[in-house]
Amino acid sequence: MKSEVDFADLVRPSLPRLYGMARRLVGDEAEDMVQETLISAYRCVGQLQDLQAIQSWLTAILVNLCRDRWRAAKRQVEEVSIDDADDFSLYRHLVQEDPFPYSDSLHLDFMGLFGRDDVHAVLVAMPEIYRGPLVLHYIEGFATKEIARLLSVPLGTVLARLHRGRKLFERGLWDYAEREGLLTTEAAP
Amino acid sequence: MMTCAEATNRFWEYLDESLAGPHREVLEAHLGLCRQCCGELELARVLRGHLASQPIGESLPEDVRGRIDLFLQELSHE
């Protein structure tokens with residue numbers, strides 16, 4: 001089974017999804033993370049009993065590697081000031097700033113400014129320990145209990161990080177729209 | 001009686017259908033009375049939809065595919 005040709009053939013169909021997931025989890029270092037995943041997988045591919053499970057197996061390895069990376073970076077992340085994130089409401093901000101004075105669907109008009117690349121840019125700008133659960137739950141579709149298992153943290157920690165992550169995502173969208181001039185170019189009367 | 005702040009903090013759990021029964025009922029009662037929170041909930045629904053619409057099986061860029069293929073070949077000669 002541990003024929004190298006077989007290994008390459010086995011993992012190749014999973015690469016697009018693995019790379020996409022790595023991009024959302026670690027941004028520009030996605031390719032390195034995929035290569036690390038492949039090294040780990042290659043070393044223990046003999047233990048894989050169900051070849052149909054290759055995608056979820058590779059995904060678990062990738063998340064484990066990301067988890068180790070986030071743990072190493074945790075001290076640095078905790079120094080980031082996000083005290084006011086919990087109080088931020090994108091909806092209230094939109095109502096107060098009123099970038100679309102003639103709109104009766106503020107939230108749709110605002111989010112209409114964001115393409116997939118914009119949403120990706122907002123996500124990768126977030127601290128990794130908050131981005132990870134957000135990506136795994138809302139984009140990759142993992143249940144919160146599964147995320148807790150993959151990241152080896154209590155379920156309560158995942159839920160707390162999801163809550164904080166959602167707030168930071170809302171804040172990130174507004175900051176991105178301002179910084180990139182989306183509001184001034186698109187919302188002008 | 002639930003406050004608006006308490007309600008908004010639970011919207012995503014509500015949309016995830018992971019909010020426990022009693023909390024869900026209190027939240028729905030609040031939504032029935034608060035127009036602003038209905039707007040906040042709609043925004044949360046749209047944000048959630050934008051995240052869910054991110055492509056999960058995007059195509060691999062050609063340059064990345066080439067480098068990873070090379071890497072797999074090198075791995076095989078380890």
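Below, chains carry the letters A, B, ... as their sequence lines are ordered, and counting in each starts from 1. Scope of the values below: all heavy atoms of this structure, side chains included, with no hydrogens, waters or symmetry mates.
Closest non-hydrogen pair, R12(A) versus L72(B), comes out as NH2-CD1, 4.3 Å.
Contact annotation for L173(A): only side-chain heavy atoms (C-beta onward) come within less than 4.5 Å of a heavy atom of chain B. Proximity to chain B involves both the backbone and the side chain of L90(A), based on heavy atoms less than 4.5 angstrom apart. For F110(A), no part lies under 4.5 angstrom from a heavy atom of chain B. Of the atoms belonging to E31(A), it is side-chain heavy atoms, and not backbone ones, that fall under 4.5 Å from chain B. Both the backbone and the side chain of R116(A) come within contact range of chain B, each with at least one heavy atom under 4.5 Å from a heavy atom of that chain. If you measure heavy-atom distances from V11(A) to chain B, the contacts under 4.5 Å come from the side chain alone. For a residue to count as touching a neighbouring chain, one of its non-hydrogen atoms must lie under 4.5 Å from one of that chain's; by this rule V135(A) does not touch chain B. Proximity to chain B (any heavy atom under 4.5 Å) is shown, for H120(A), by both the backbone and the side chain.
Contacts with chain A (heavy atom to heavy atom, under 4.5 Å) involve these residues of residues 25-49 of chain B, listed by number: Q36(B), G39(B), E40(B), E42(B), L43(B), V46(B), L47(B), R48(B). For residues 20-28 of chain A, a heavy-atom distance under 4.5 Å to chain B picks out G20(A), R23(A), R24(A), given by residue number.
Taking a cutoff of 4.0 Å between a charged side-chain nitrogen and a carboxylate oxygen, R65(B) and D69(B) do not qualify as a salt bridge. Ion pairing between a basic and an acidic side chain is recognised when a charged N comes within 4.0 Å of a carboxylate O; R69(A) and E29(A) show such pairing.
When atom types are taken as modelled, the side chain of S40(A) and the backbone of E36(A) share a donor-acceptor pair closer than 3.5 angstrom. Using a distance-only test at 3.5 Å, with no hydrogens or angles considered, a donor-acceptor pair links the side chain of H50(B) to the main chain of M111(A). Put simply, the side chain of R161(A) never gets that close to the backbone of Y130(A): no donor and acceptor are under 3.5 Å apart.
Applying the side chain to side chain donor-acceptor pair (under 3.5 Å) test to residues at least two apart or on different chains, none of the pairs has a partner in residues 44-53 of chain A. Sequence neighbours left out, the pairs with a member in residues 143-157 of chain A that pass side chain to side chain donor-acceptor pair (under 3.5 Å) are R67(A)-S152(A), E146(A)-R149(A).
By the 4.5 Å heavy-atom criterion applied to side chains, Y19(A) and P61(B) are counted as neighbours.
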Using the side-chain contact (heavy atoms from CB on, under 4.5 Å) rule, take L15(A) and V64(B) through it: C-alpha gap first, then chi angles, then the decisive distance, then the call. CA-CA 10 Å; L15(A) 293 176; V64(B) 175; over 6 Å; no

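In this structure, CG in L150(A) is found 10.0 Å from OG in S56(A), a value given to the nearest 0.5 Å. Distance CH2/W57(A) to CD1/I61(A): 4.0 Å, rounded to 0.5 Å.
Screening R10(B), E6(B), M2(B) against H23(B) for a side chain to side chain contact (heavy atoms under 4.5 Å, CB included) leaves a single residue, R10(B).
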